[in-house]
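Let me begin by presenting the structure, written as structure tokens, before commenting on it.
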Amino acid sequence: MRIGIGFDLHQLVLGRPLWLGGVQVPSERGALGHSDGDVILHAVCDALLGAAGLGDIGEHFPDDDPRHAGRRSEDFVRDVMGKVRERGLRPGNVDVNVFLERPYLRVFKSQIRERLAKLVGLPEGLVNVKARTMEGLGAIGQGEAVAAQVAVTLVDA
Ligand code: MG
């Protein structure tokens, strides 16, 4: 079994949609970024690439490459899943921590879990999403940023 970890953080700005795990969460602020700024999916990509020994998301989808501008992060996950399968591997489970002050994600966690499970081809019982605030502290606590960390396991396909 292989373990991979991923982390991502994006600045939050007014007037951008907030995408988390492929789900659009109603919010005044959304993630600034070259793509749709989905921190969960970017961290998922890095965790999958890490477990597969395939580097990081920046090597595969450089953000100074205009081909990736405005691309949906779900496409990145699909691409990465293809690379994982090419190596003869498949995900065993996925565990997510998302750090966001507002809105509370309580009601969105199950939607995110469902979407993520579909994207990586796992039953929902093998995908977990945890959400927490930073109690008003730091950039995330002040509502200026959103972050996610992800752990995945890969097993032989
Ligand atoms: Mg990112």
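Atoms within a ligand are numbered from 1 in the order they appear, just like the ligands themselves. Below, all heavy atoms of this structure are taken into account, side chains as well, without hydrogens, waters or symmetry copies. Computed from a predicted model, the values in this text were never measured in an experiment.
For the Mg ion (ligand 1), protein N, O or S atoms closer than 2.8 Å were enumerated as D8 OD2, H10 NE2, H42 ND1, with waters left out.
Within the 4.5 Å cutoff, side-chain heavy atoms of V94 are placed close to those of L122.
For residues 120-130, the set of pairs meeting the salt bridge (Lys or Arg N to Asp or Glu O under 4.0 Å) definition, not counting sequence neighbours, comprises D95-K130.
In this structure, V155 shares a hydrophobic cluster with M1, I3, the cluster being traced through Ile, Leu, Val, Met, Phe, Trp and Tyr side chains under 4.5 angstrom apart. The other residues sharing a hydrophobic cluster with V13 are L32, where clustering joins ILVMFWY side chains under 4.5 Å apart.
The backbone N or O of R16 sits nowhere less than 3.5 Å from a side-chain atom of R29 that would complete a donor-acceptor pair.
Remark: R115 engages E74 in a salt bridge, criterion side-chain N to carboxylate O under 4.0 Å.
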